[in-house]
Structures are given as C-alpha cells and as structure tokens.
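To keep things clear, I will list the structure first and then write my remarks on it.
Values below: all heavy atoms of this structure, side chains included; hydrogens, waters and symmetry mates excluded. This is a predicted model, so every value here is computed, not measured.
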Amino acid sequence: MKSILGIMLSIISLKVVAQEDLDKMIKLDGPKNEKVTATFKSGNLINLKTTETIHRNEMDFRVDHRFGDIGGSAGGAKNFFGLDNSTDIRIGFDYGLTDNINIGIARAKGATEVRQLYEGNIKYRFVEQTIDNSVPVSIAFFGSTVVSAMEASEEKHSAASFERFSDRLSYVTQLIIARKFSSSFSLTVVPSYLHRNYTAYNDQNNMFAIGIGGRAKVSKRIAFVADYFLPFRQSSKKKYREELTGQRYYNALGVGLEMDTGGHIFHLNFTNATAIQESQFISETNSSWGKGQFRWGFSIARRFNFNKKDKG
C-alpha cells in the first residue's frame with residue numbers, strides 16, 4: 001500500500017507540468033478537444049491491460065512467454081537461469097469490431113493446478129482523454145471468460161477436481177483508467193474483480209484487486225514499463241491455504257522494456273508471476289522477487305490490417 005500511495009503522490013506532483021506537456025502536443029490549427037492518441041503502444045504492459053484498442057477490421061496476433069525461475073532452488077546455472085523451463089505460454093488473437101471495441105480469443109498453458117486454458121474476451125474503450133484536458137482520462141472495460149480443458153483431477157480438494165462443466169469456468173472484469181501525462185509518460189490504474197466457479201478447498205471464489213502500471217519513454221523506439229497487482233485476500237483463507245500448501249502468496253510485480261520495431265511491439269520483461277492469465281496470476285502468485293523466484297519473459301505483437309484492398 002505504501003508503494004501505491006507513493007505513486008499517487010508522484011502523480012499529483014506531475015500534474016503541474018502535465019498540462020504544459022499536453023499543450024505542446026496541440027496542433028496550432030487543430031481543435032482543442034482533439035483526442036489524445038497512443039497513451040500506450042500496446043493493449044498490454046506486462047501483466048496488466050491498457051486502454052489501447054486496435055482499429056476496426058484490424059487483427060492483433062500476440063504471443064506471451066514465461067520462463068522458469070532465474071534464482072532460488074529451482075533456478076541458477078543448473079537450469080540455465082530459468083531458460084530451460086517454461087512456466088506459461090499464451091497465444092492470442094484480438095479483432096477490432098470498431099475502433100473502440102475489440103474481441104479476442106486465446107489459448108494458454110496455465111501455471112497453476114488448472115491447465116489447458118481457453119479464453120474469450122472483450123475490451124470496450126468508452127472514454128477518451130482530450131488534449132485540452134476537458135476529458136482528463138481514458139477509460140475502458142475489459143472482461144474475459146476462461147475455461148479449462150484439462151482432465152479432471154481425482155483429488156477432491158484440488159482446484160481441478162471438476163464435477164460439472166461450470167466448475168471449469170472463471171471470470172475477470174476490469175475497469176482500466178489511464179492518463180497520458182506527457183509524450184513520454186503514461187499511467188494506468190486497473191480495479192479488477194475475479195470470480196472462480198470452483199477453487200481448491202477453502203480458497204476464495206471471489207477476489208477484488210487493483211493494478212497500477214506505467215510507461216516511461218526512453219528513446220523514440222524504447223520505453224520502460226512496469227506494473228503491480230495488489231489482490232485483497234481474505235486473511236483467514238489466505239492463512240489456511242499457506243499453512244496447508246507451505247507456500248506464501250505474493251503480489252505480482254513486473255518490470256521490462258518495450259521496443260517498437262515499426263512492424264512489431266516487443267516486450268522483454270521480468271516478473272515474479274508464473275501465470276499469464278489474469279484469472280491465475282492475480283490470485284495464485286507464489287513466487288518471490290526476494291528469493292530469486294522471478295523470471296525472464298517476452299511478448300511479441302503483430303498487427304494485421306484488413307481495411308486495405310488487395311491490389312494483387
């Protein structure tokens with residue numbers, strides 16, 4: 001909480017210069033209620049969604065990958081600092097129904113007891129920041145449904161002990177609030193709600209969390225990105241699960257570099273989250289930065305435009 005309060009205080013101090021920076025972005029002959037563009041370069045930071053959407057009739061193809069622990073008992077030279085292992089892989093497609101409404105499908109390996117994940121999602125950006133600050137933020141809604149296709153576990157206390165099809169489903173809804181303070185700095189806050197129809201014994205089905213992330217431009221093509229998720233767990237259930245499994249819960253923290261190659265957006269990142277899906281890393285991150293249990297990961301996104309007619 002202290003880190004979040006510190007970030008919020010920084011936002012207040014930045015606001016003094018933010019309007020000056022935004023004023024510099026106004027075209028002299030353009031309308032002052034013009035919408036701010038490219039708050040972020042991608043629809044994702046590391047673990048966190050942004051307000052960015054793709055245009056109508058465009059498709060975004062994205063691959064995310066997480067390797068194993070760099071340090072700790074499972075890392076080190078014997079596993080080539082995590083590169084010999086893979087904790088999660090996700091492949092997804094997003095399509096622009098309109099400039100502000102995207103739908104997507106994805107398949108992820110999964111990094112908890114529940115594996116073989118299929119996702120359907122939607123993102124709707126319904127508020128856009130303006131240069132004259134009459135609308136100070138952009139706001140988007142993100143919702144996803146995830147189903148597990150793995151074989152049900154015979155262990156009755158397992159999170160994968162599915163008795164009905166509905167036990168395989170989990171849902172995430174997020175309200176994404178973002179502001180571009182200048183051409184070099186953007187920040188987003190993401191209140192989130194997670195519901196799992198079925199969990200491991202005495203785990204919680206519903207969970208609220210808040211994410212915060214930012215992008216700071218380093219050069220024309222490179223930016224520093226970071227995000228952090230704070231889940232609000234029920235203390236009694238958290239204590240029970242930690243005593244039962246011998247594992248502690250940690251908050252997901254990611255840092256990395258974003259590179260714009262012109263045709264691709266490439267992220268090189270480090271995070272303690274083993275899972276990529278929101279339905280898993282928000283509630284079940286059991287790795288600690290302090291123990292060396294963070295991993296190298298990357299994501300690469302390629303956008304295809306179907307608006308242009310084929311002249312061939």
Is it the case that atom CZ in Arg248 sees more than 12 heavy atoms from other parts of the structure closer than 6.0 Å?
no
Within 6.0 Å of NZ in Lys220, more than 12 heavy atoms from elsewhere
no
Could you tell me whether [X] and [Y] make a salt bridge, using a distance below 4.0 angstrom between a side-chain N and a carboxylate O?
X: Arg66; Y: Asp64; answer: no
X: Arg56; Y: Asp99; answer: no
X: Lys109; Y: Asp88; answer: no
X: Glu258; Y: Arg215; answer: yes
X: Lys49; Y: Glu278; answer: yes

Start with the C-alpha distance between Arg233 and Ser283, add both sets of side-chain angles, then the distance that settles side-chain hydrogen bond (donor to acceptor under 3.5 Å, both in side chains), and finish with yes or no.
CA-CA 8 Å; Arg233 299 185 178 91; Ser283 58; over 6 Å; no
What's the shortest heavy-atom distance between Gln293 and Asn286, and which atoms?
OE1-O, 4.0 Å
Specify the closest pair of heavy atoms between Leu48 and Gly211, including all atoms of both residues, with the distance to one decimal.
CD1-C, 3.8 Å
Taking Asn47 as the fixed residue, which of Asn272, Asn269, Thr271, Thr285 is the one that meets the side chain to side chain donor-acceptor pair (under 3.5 Å) rule?
Thr271
Could you note down all residue pairs passing ring pair (Phe, Tyr, Trp, His ring centres under 6.0 Å) where residues 82-107 supplies at least one of them, sequence neighbours left out?
Phe61-Phe93
Side chains of [X] and [Y]: does their closest heavy-atom pair fall under 4.5 Å?
X: Val225; Y: Val255; result: no
X: Phe126; Y: Ile139; result: yes
X: Leu45; Y: Thr50; result: yes

Sequence neighbours excluded, the answer for side chain to side chain donor-acceptor pair (under 3.5 Å) partners of Lys238 is none
Side chain to side chain contact (heavy atoms under 4.5 Å, CB included), that's the test. Do Phe162 and Val114 meet it? Break it down for me.
CA-CA 10 Å; Phe162 309 124; Val114 181; 4.1 Å; yes
Take the angle between the ring planes of Phe266 and Phe298 and call it parallel below 30°, perpendicular above 60°, tilted in between.
parallel
Can you say whether the rings of Tyr193 and His195 are parallel (under 30°), tilted (30 to 60°) or perpendicular (over 60°)?
parallel
Checking side chain to side chain contact (heavy atoms under 4.5 Å, CB included) for the pair Ser138/Arg179: CA distance, chi angles, key distance, verdict?
CA-CA 6 Å; Ser138 296; Arg179 177 173 170 82; over 6 Å; no
Partner set under side-chain contact (heavy atoms from CB on, under 4.5 Å) for Lys237, not counting sequence neighbours
Asn202, Gln204, Gln234
Given the rule in the salt bridge (charged side-chain N to carboxylate O under 4.0 Å, His left out) test, do Glu52 and Lys123 qualify, once you have shown the distances and angles that lead to the verdict?
CA-CA 9 Å; Glu52 294 303 302; Lys123 184 190 284 186; over 6 Å; no
Tell me whether Arg196 forms a cation-pi arrangement with Tyr198, defined as NZ or CZ under 6.0 Å from the six-membered ring centre and within 45 degrees of its axis.
no
